[in-house]
Protein chains: 2
Amino acid sequence: MSVLSLAEIQRAPGSKSGPVIDTIVKGDCVAALEALPEKSVDAIFADPPYNLQLAGDLHRPDQSKVDAVDNDWDQFASFKAYDAFTRAWLLACRRVLKPAGTIWVIGSYHNIYRVGAILQDLNFWILNDIVWRKTNPMPNFRGRRFQNAHETMIWASLGQKAKGYTFNYEAMKAANDDVQMRSDWLFPICAGSERLKGEDGKKAHPTQKPEALLSRIILSSTKPGDVVLDPFFGSGTTGAVAKRLGRHYVGIEREQAYIDAAEARIADIKTLGKAELTVMTGKKAEPRVAFNVLIDSGLLKPGARLQCAKGRHNAVVRADGTLSSGEESGSIHRLGAKLQGLDACNGWTFWHFEDAGELKPIDALRRIVRDEMARSGA
Amino acid sequence: MSVLSLAEIQRAPGSKSGPVIDTIVKGDCVAALEALPEKSVDAIFADPPYNLQLAGDLHRPDQSKVDAVDNDWDQFASFKAYDAFTRAWLLACRRVLKPAGTIWVIGSYHNIYRVGAILQDLNFWILNDIVWRKTNPMPNFRGRRFQNAHETMIWASLGQKAKGYTFNYEAMKAANDDVQMRSDWLFPICAGSERLKGEDGKKAHPTQKPEALLSRIILSSTKPGDVVLDPFFGSGTTGAVAKRLGRHYVGIEREQAYIDAAEARIADIKTLGKAELTVMTGKKAEPRVAFNVLIDSGLLKPGARLQCAKGRHNAVVRADGTLSSGEESGSIHRLGAKLQGLDACNGWTFWHFEDAGELKPIDALRRIVRDEMARSGA
DNA sequence: TGCCTTGATGAATCAGTTC
DNA sequence: CGAACTGATTCATCAAGGC
């Protein structure tokens, strides 16, 4: 890991072509982003200032003072100023993101509506908004509102037409008891030993995010080896989790104290082994098998009779890898769709063959071919 | 109840001074709002078009077509057009809201960021954003995103300096395990017998909201006798719940078919008695319970009669999750203690309901809810 | 009547590759 | 770049029908 000044980034030889990875760049967020090469990062996680607009001190019922976020970097004169700032750094993010990259932004009701609207105005395409439900949120001390028990994250691609973004659907599903991962996530806030403390024993950063949250974000929307950028690096949670999960990181941070804390923290992290990092994939990633391979390999013979699960439709296998049924013919998919009067049909699961008096989908034959391919290293 | 045309509202003698209550106004939302007297309603619930921007058809894995929202009223040419529409109706809402009134707006990621930003631009002051977590959301069929399992509501007052808005903190707390009500709420989507059907058996309105959701909104932020306005009345859930809870309603709706459905629906609603509607304002109760979930989930209905194991004491369930018995009222624990002259009482084991001629502790219902919550990952 | 199976459906910004 | 082709993909709940 290294820490580079903005000037160093700008004169780094590779700065126009390749990304500067596993590095914290010291400097202003927008200027630093503009110094990075375009289309060089796979994903961005951004935890911008929340624009909290606290009017005065807040006291608990026992009269102790709440240690609120009142740092310089969270002071904006107006929504207009906050919007201009937001637009500037989001635009700079667009430039450094690869075409199939995605961005995550976290916020609360104070700022997330401005962020979301500006994302849309800048032609980002929202894929999901995700709710982080806190198991242990701060209470509402005055009893004048509901307890503010969540924060919101927006996940977006570069546009409606942007294709090919990473979403590890099967991994998320497997991790969630084999049902789809929902848009509401439950995690504790960052506390205890995970919370970075300064030498004075006080928290090193006021809004340190839990590693579990970043883990799910990175596991869901990046691949091992990807570059994850965090333009508001703070205590370096993004870098720490990225390193552990075998991704590269680039952090941008203005304040030296935060950089020092993040650097020490990340140095202690060990990257997990390859076996632990392999991304669970579904059928999607499996090699493509054309239907006629089943015929070529002798698993199905020309003239064989196929039918749907209920026996309502049937067809004959032709030597060229198409099916025919009465007047109609076509690929396994086309013919299945035609016979059902549908636009589309997955022929692999629709068509069945008879084996020992039992109907089995031809997908079972494809399975055999794939197993054989895997075994022979094809 | 009555249905008035816009012209009738405009020539109604009292239209400049008092509100036109328990009425559906037929007409365009903004024009109708402008015809209502200023500062005449205590709360607004708005469920505006979401601006879904659907590109093409979506099919389930079984090739059936998803019946998406493709109504005229959800079509906007651009974000700019949607923003102008949003600004117009929100501005019109400002005028009719009493100084201490509050507004709720529900939306999804398609529109809620625009709504939130415009609310702030118009000087509304966000009090909370609330997440409606759906127990049974529609799946993501293509496996390219997280399952979109929530919608977002913004609750706002007329400005940072606006004082005196209604928030029934103690009632919310007593109903929620005697801990503060959080900003994430769990409810099923509206389905089954609650869902209004047309004569053809198809849903009367594509986006009917569940009554439990409106119940919590109205119980938390209005008082009995208040006027609740809904500028996008649709199937009339706001009116139905308002009437049941002893609040007045004003609905605005453009389409006659929706008005007809709402009118018939509301006519069937009975207002709960005074005892059930009294808002809990008492002091904290000591033990922890989660009683109103039984009401939200339909296991217990407001007005239901509970008694102790020996039948010596009995009480009536109120809509806000408290019990009343003669002069006395309170959470299930406080009331049980009071009636027995004790300091404390476990209401869960003390109170019983009748099931098939047998007395069973309400703890049995809590068990059902807990099993369900565990199953749904709540 | 009751249990089980089958089918329907809900605010949805829901594909990637080759020709 | 557009059209054509291939083929991957669902959870909870309720209603209806079979047995």
Side-chain angles (χ1 to χ4, degrees), chain A residues 100 120 124-129 156-157 159-165 167 169-170 173 176-183 281-286 288-291 310 321 330-334 336-337 343-350 363 366, chain B residues 47-71 73-76 79 82 106-112 132 134-152 188-195 197 201-203 205-210 232 234 372 375-377:
Chain A
Q120 292 178 313
F124 285 92
W125 190 249
I126 298 179
L127 298 167
N128 281 112
D129 58 352
S157 71
Q160 183 172 13
K161 298 284 166 70
K163 298 291 175 196
Y165 62 86
F167 178 56
Y169 174 78
E170 293 289 345
K173 184 172 172 175
N176 189 44
D177 242 4
D178 285 331
V179 292
Q180 300 188 329
M181 186 68 79
R182 295 168 48 110
S183 57
T281 55
K283 295 164 189 165
K284 226 174 269 185
E286 291 185 302
R288 189 171 142 183
V289 175
F291 178 64
K310 292 173 186 165
S331 73
I332 54 172
H333 311 297
R334 288 272 117 236
D343 287 341
C345 162
N346 182 347
W348 291 109
T349 52
F350 177 73
D363 204 33
R366 181 167 66 164
Chain B
D47 182 12
Y50 284 12
N51 190 24
L52 287 186
Q53 304 172 68
L54 302 173
D57 288 345
L58 178 65
H59 293 90
R60 302 167 200 272
D62 66 3
Q63 300 305 325
S64 66
K65 194 178 150 202
V66 174
D67 182 19
V69 175
D70 58 353
N71 307 65
W73 47 254
D74 198 36
Q75 304 299 318
F76 293 86
F79 281 134
Y82 187 79
I106 186 167
S108 65
Y109 66 85
H110 312 84
N111 71 322
I112 199 66
W132 168 27
K134 303 179 184 182
T135 56
N136 48 349
M138 186 176 306
N140 181 296
F141 295 113
R142 302 304 285 264
R144 297 294 300 145
R145 307 182 178 191
F146 298 97
Q147 182 183 32
N148 190 15
H150 74 277
E151 295 190 25
T152 301
I189 60 175
C190 183
S193 61
E194 189 187 322
R195 187 91 197 209
K197 306 281 199 311
K202 298 198 168 166
K203 54 190 176 190
H205 192 280
T207 71
Q208 184 180 340
K209 295 291 175 287
F232 306 95
E372 168 60 24
R375 212 165 59 75
S376 69

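Reminder, nothing fancy here: chain letters follow the sequence lines and each chain counts from 1.
Here the side chain of A/Ser331 is nearest to one of D/dT6, C/dA11, D/dT10, namely D/dT6. Minimum atom distance to the side chain of B/Tyr50 is reached by C/dA11, of the listed D/dA8, C/dA11, D/dT10. Comparing C/dC14, D/dT13, D/dT10 by their closest approach to the side chain of B/Asn136 singles out D/dT13. Looking at the side chain of B/Leu58, the nearest of the listed nucleotides C/dA12, D/dT9, D/dC11 is C/dA12. Checking C/dA11, D/dC11, C/dC14 against the side-chain heavy atoms of B/Arg60 singles out D/dC11 as nearest. Candidate nucleotides D/dG7, C/dA12, C/dA11 were compared by shortest atom distance to the side chain of A/Ala344, and D/dG7 ranks first. When distances are taken from the side chain of B/Thr135 to each of D/dT13, C/dA11, C/dC14, the shortest belongs to D/dT13. Side-chain proximity of B/Lys203 to D/dT6, C/dG10, C/dA11: nearest is C/dG10. The listed nucleotides are C/dC14, D/dT6, C/dA12; the one nearest the side chain of A/His333 is D/dT6. Of the candidate nucleotides C/dA12, D/dT10, C/dC14, C/dA12 has the atom lying nearest to any side-chain atom of B/His110.
For the OP1/OP2 pair of D/dT10 and a distance below 4.0 Å, the side-chain nitrogens and oxygens of A/Lys173 include at least one atom meeting the criterion.
Between B/Ala191 and A/Ala290, the residue whose closest nucleotide on DNA chain D is further toward the 5' end is A/Ala290.
Side-chain atoms of B/Asn148 do not come within 3.5 Å of backbone N or O of B/Asn140 as any donor-acceptor pair.
Judged by distance alone, with hydrogens and angles left aside, B/Lys202 brings no side-chain donor or acceptor close enough to the base of C/dA8 to form a pair under 3.5 Å. Contact annotation: side chain of B/Gln63 to base of D/dT9, donor-acceptor pair present below 3.5 Å. Evaluation of atom-type donor-acceptor distances gives no pair under 3.5 Å for the side chain of B/Asp67 against the base of C/dA8. Taking 3.5 Å as the limit, the base of D/dG7 and the side chain of A/Arg366 contain no donor-acceptor pair of atoms between them.
On the C1' atoms, C/dC14 is 15 Å away from C/dG10, given to the nearest whole Å. Rounded to whole Å, the separation between the P atoms of C/dA8 and D/dT9 comes to 23 Å.
Across the protein-nucleic acid pair, B/Lys209 atom NZ and C/dA11 atom C1' stand 6 Å apart, rounded to whole Å. Separating the CG atom of B/Asp57 from the C1' atom of D/dT9 is a distance of 16 Å, rounded to the nearest angstrom. Distance, B/Arg195 CZ to C/dA11 P: 5 Å, rounded to whole Å. Look at CZ on B/Arg144: it is 11 Å from C1' on D/dA8, rounded to the nearest Å. The separation between B/Arg142 atom CZ and C/dC14 atom P is 9 Å, rounded to whole Å.
Remark: A/Asp177 CG is loosely packed, at most 12 non-hydrogen atoms of other residues, nucleotides or ligands lying under 6.0 Å away.
Across all strands shown, D/dG7 forms no Watson-Crick or G-U wobble pair with both distances under 3.5 Å.
The side-chain tip of B/Arg144 points at the ring of A/Tyr165 from less than 6.0 angstrom away and within 45° of straight on.
As judged by a 4.0 angstrom heavy-atom cut-off over every strand, B/Gly56 is placed among the base-contacting residues. No contact: B/Glu194 has no heavy atom under 4.0 Å from any strand.
The existence of a salt bridge linking B/Lys203 and B/Asp67 is confirmed by a sub-4.0 Å separation between a basic side-chain nitrogen and an acidic carboxylate oxygen.
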